[in-house]
*Asks:* 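Let me give you the structure first, and then I'll get to my questions.
As the structure is a computational prediction, the values presented were derived from the model and not from experiment.
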Amino acid sequence: MRRTVFNEDHEAFRETLRAFIEAEVVPVYDEWFAAGQAPREFYYKLGELGIFGINVPEEYGGAGLDSHKFEAVLYEETARAGVQFGGSGVHVLLALPYIKMLATDEQKKRYLPKFVTGEEMWAIAMTEPGTGSDLAGMKTTAKLSEDGTHYVLNGAKTFITGGVHADKVIVCARTSAPTAEDRRFGISLFAVDTKSEGYSIGRKLDKLGLRTSDTAELAFVDVKVPVEDLLGEENKGFYYLGHNLASERWGIAFGAYAQAKAAVRFAKQYVQERTVFGKPVAHFQNTKFELAACQAEVDAAEAVADRATEALDAGELTPAEAASAKLFCTEVAHRVIDRCLQLHGGYGYMNEYPIARLYADNRVNRIYGGTSEIMKTIIAKDMGL
């Protein structure tokens with residue numbers, strides 16, 4: 001079947017991106033992997049390439065487009081090369097929608113020009129120690145000062161992707177106590193400058209996968225946040241978070257599909273080159289059957305991912321549809337990558353092979369953005385169950 005989700009502009013972007021990855025990322029990726037993060041300077045290069053400004057209005061230095069298809073190309077090309085762009089995905093996929101949706105014109109003038117160039121990298125801090133997916137249970141507080149000029153932020157966050165290199169962090173905090181009727185009430189969002197007094201970065205977390213993506217613990221002790229950096233209205237943060245979950249889950253779904261597609265590519269290349277008993281591994285019927293089955297699953301995941309992309313761009317992707325796409329694509333990727341690693345034999349367990357890194361990177365897809373179990377709950381509720 002001919003794929004219709006991308007046009008000539010997307011394919012031209014793909015060529016540029018593929019050349020950039022080959023020149024700027026692949027030669028140094030092992031160094032990033034060993035260091036556990038991409039260098040901060042790399043984000044300036046992404047800014048120069050225009051990656052951060054695709055969906056930013058032209059008046060703030062962006063391209064002014066309103067489509068996630070260029071992000072989809074980026075997912076495919078990084079997976080194809082077996083690399084990651086550090087923690088920069090959060091900058092665009094997670095932080096930008098909140099800025100575009102909630103920021104005032106004055107805030108956009110302050111935030112977006114440096115967002116586009118990579119001068120200011122953004123992250124988002126939702127999860128807290130002990131709360132996990134239960135965002136309504138967060139304990140971090142932001143209390144308005146007596147003179148009404150700033151909020152005083154206190155608390156802690158964990159699993160914050162991009163947290164080490166971030167210059168600005170969208171922090172979710174309680175500005176009011178929950179009500180008996182609605183425990184989700186009382187959460188607000190703030191754009192917090194990481195250079196603020198009382199703001200500190202704890203451990204850079206040692207993860208199983210996504211090794212080049214800096215993930216940290218954050219702590220806030222009497223951090224003063226100007227009232228001018230409140231995003232949206234007080235106490236409506238939980239609604240805002242729910243509004244953007246569909247796009248976040250689309251990103252995870254599409255990224256997982258792209259990883260599965262890359263895994264088949266890596267396995268196909270390996271079995272054609274590797275010989276056992278005097279024959280290429282690809283010669284054996286089991287190899288052919290395994291890869292054929294994997295390809296069929298990837299084809300199905302591609303169809304689901306593309307359909308979700310079209311719906312997202314049209315503003316029609318529902319929470320249940322996003323959950324379904326995430327559940328399906330991440331489970332497919334789990335199965336396909338595992339089978340493709342098996343075809344590598346012992347070498348598949350070595351980090352020098354991209355399939356090993358892909359195996360570790362993929363595992364979190366069924367956890368973050370809402371676990372597979374939560375996705376099933378959302379889908380079941382939409383079914384009336």
Side-chain angles (χ1 to χ4, degrees), residues 3-6 54-55 65-76 79 89-102 124 126-127 132-136 159 161 170 172 184 187 189 210 236-261 297-336 361-385:
R3 202 174 183 195
T4 59
V5 69
F6 299 124
I54 292 172
N55 291 324
L65 302 179
D66 189 20
S67 172
H68 288 78
K69 293 182 180 179
F70 292 94
E71 291 173 53
V73 171
L74 190 149
Y75 283 127
E76 290 186 335
V90 168
H91 184 68
V92 174
L93 182 64
L94 298 189
L96 182 58
Y98 290 101
I99 300 173
K100 291 176 66 176
M101 177 175 70
L102 303 176
I124 184 165
M126 292 185 273
T127 305
S133 297
D134 181 20
L135 296 179
F159 305 147
T161 302
I170 298 174
C172 311
R184 298 172 295 182
I187 294 171
L189 307 184
L210 302 178
K236 291 189 176 181
F238 200 95
Y239 164 76
Y240 300 142
L241 295 173
H243 183 273
N244 284 331
L245 274 174
S247 63
E248 178 183 352
R249 288 168 178 163
W250 164 82
I252 297 170
F254 203 99
Y257 141 70
Q259 289 176 325
K261 182 177 181 179
E297 290 217 72
V298 168
D299 287 344
E302 181 179 88
V304 169
D306 286 356
R307 185 181 68 175
T309 303
E310 296 285 17
L312 183 62
D313 271 12
E316 299 172 354
L317 186 65
T318 69
E321 289 169 344
S324 178
K326 181 183 184 295
L327 177 66
F328 183 77
C329 290
T330 56
E331 294 291 341
V332 164
H334 161 64
R335 293 191 297 269
V336 167
D361 290 348
N362 169 74
R363 185 59 186 88
V364 75
N365 289 332
R366 291 180 288 148
I367 298 173
Y368 66 3
T371 64
S372 291
E373 290 72 26
I374 288 177
M375 297 304 100
K376 292 174 184 177
T377 300
I378 294 169
I379 297 165
K381 184 177 181 180
D382 185 67
M383 296 170 64
L385 299 175

*Asks:* How many angstroms lie between atom CD1 of Ile124 and atom SG of Cys172, to the nearest 0.5 angstrom?
*Replies:*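 Between Ile124 CD1 and Cys172 SG, I get 5.0 Å after rounding to 0.5 Å.
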*Asks:* Check whether more than 12 heavy atoms from other residues, nucleotides or ligands sit under 6.0 Å from atom NZ of Lys69, and answer yes or no.
*Replies:*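 Yes, because the 6.0 Å sphere around NZ of Lys69 holds more than 12 heavy atoms from other groups.
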*Asks:* Quick one, Trp250 and Leu93 - any side-chain contact, counting heavy atoms below 4.5 Å?
*Replies:*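 Side chain of Trp250 against side chain of Leu93, heavy atoms only: contact under 4.5 Å found.
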*Asks:* For a quick test of reading the model, state the closest non-hydrogen atom pair linking Ala79 to Ala258 and the distance between them.
*Replies:*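 So the two residues come closest at CB-O, 3.5 Å.
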*Asks:* Say whether, by atom type as modelled, one donor and one acceptor occur between the side chain of Asn55 and the main chain of Ser67 under 3.5 angstrom.
*Replies:*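 Checking the backbone N and O of Ser67 against the side chain of Asn55, a donor-acceptor pair under 3.5 Å is found.
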*Asks:* Without swapping roles, check the side chain of Arg249 against the backbone of Gly369 for a donor-acceptor pair under 3.5 Å.
*Replies:*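 Yes; judged by distance alone, with no hydrogens or angles, the pair exists.
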*Asks:* To the nearest 0.5 Å, what is the distance between CG (Leu245) and CG (Leu94)?
*Replies:*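 Reported to 0.5 Å precision, the distance equals 9.5 Å.
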*Asks:* Looking at Leu241 and Met126, what are the two nearest heavy atoms and their distance?
*Replies:*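 Closest approach of Leu241 to Met126: CD2-SD, 3.5 Å.
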*Asks:* Given 3.5 Å as the limit, does a donor-acceptor pair link the side chain of Glu321 with the main chain of Thr318, or not?
*Replies:*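 Yes: the side chain of Glu321 pairs with the backbone of Thr318.
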*Asks:* With rounding to the nearest 0.5 angstrom, report the CD to OG distance, Glu331 to Ser372.
*Replies:*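 Glu331 atom CD to Ser372 atom OG measures 4.0 Å (nearest 0.5 Å).
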*Asks:* Cut-off 3.5 Å, no hydrogens considered: what does the side-chain donor-acceptor table look like for residues 377-385, sequence neighbours left out?
*Replies:*
unit_1, atom_1, unit_2, atom_2, d
Thr377, OG1, Glu373, O, 3.0

*Asks:* So does Phe159 have more than 12 non-hydrogen atoms from other groups sitting under 6.0 Å from CZ?
*Replies:*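 Counting other residues, nucleotides and ligands, CZ of Phe159 stays at 12 neighbours or fewer.
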*Asks:* Can you name the nearest heavy-atom pair linking Val332 to Ala301, along with the distance?
*Replies:*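 Closest approach of Val332 to Ala301, heavy atoms only: CG1-CB, 4.0 Å.
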*Asks:* Is a donor on one side and an acceptor on the other found under 3.5 Å between the side chain of Asn362 and the backbone of Ala256?
*Replies:*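 The answer is no, because no donor-acceptor pair under 3.5 Å joins these two groups.
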*Asks:* Roughly how far apart are Glu302 CD and Phe254 CZ, rounded to 0.5 Å?
*Replies:*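 Reported value, rounded in 0.5 Å steps: 7.5 Å.
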*Asks:* Strictly by modelled atom types, are Gln259 and Tyr75 linked by a side-chain donor-acceptor pair under 3.5 Å?
*Replies:*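 There is no such pair between these side chains.
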*Asks:* What residues form a salt bridge (Lys or Arg N to Asp or Glu O under 4.0 Å) with Arg366, not counting sequence neighbours?
*Replies:*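 So Arg366 forms no salt bridge (Lys or Arg N to Asp or Glu O under 4.0 Å) with any residue.
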*Asks:* To the nearest 0.5 Å, how far apart are CG in Asn244 and OH in Tyr239?
*Replies:*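 Between atom CG of Asn244 and atom OH of Tyr239 there are 9.5 Å.
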*Asks:* Roughly how far, to the nearest 0.5 Å, is CG of Asn365 from CG of Leu210?
*Replies:*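 The CG atom of Asn365 is 7.5 Å from CG of Leu210, to the nearest 0.5 Å.
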*Asks:* Locate the shortest heavy-atom distance separating Ala305 from Tyr257; write the atom from each residue and the value.
*Replies:*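 Heavy atoms only, the tightest pair is CB-CD2, 4.0 Å.
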*Asks:* Measure across Tyr368 and Ile252 and return the closest heavy-atom pair with its distance rounded to 0.1 Å.
*Replies:*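 Nearest pair, atom of Tyr368 first, then Ile252: O-CD1, 3.5 Å.
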*Asks:* Under 3.5 Å, side chain of Lys326 to main-chain N/O of Gly370, donor-acceptor pair present?
*Replies:*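 Flag set: sc Lys326 to bb Gly370 pair under 3.5 Å.
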*Asks:* The criterion is salt bridge (Lys or Arg N to Asp or Glu O under 4.0 Å); which residues satisfy it with Arg307, sequence neighbours excluded?
*Replies:*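 By the salt bridge (Lys or Arg N to Asp or Glu O under 4.0 Å) rule, Arg307 matches no residue at all.
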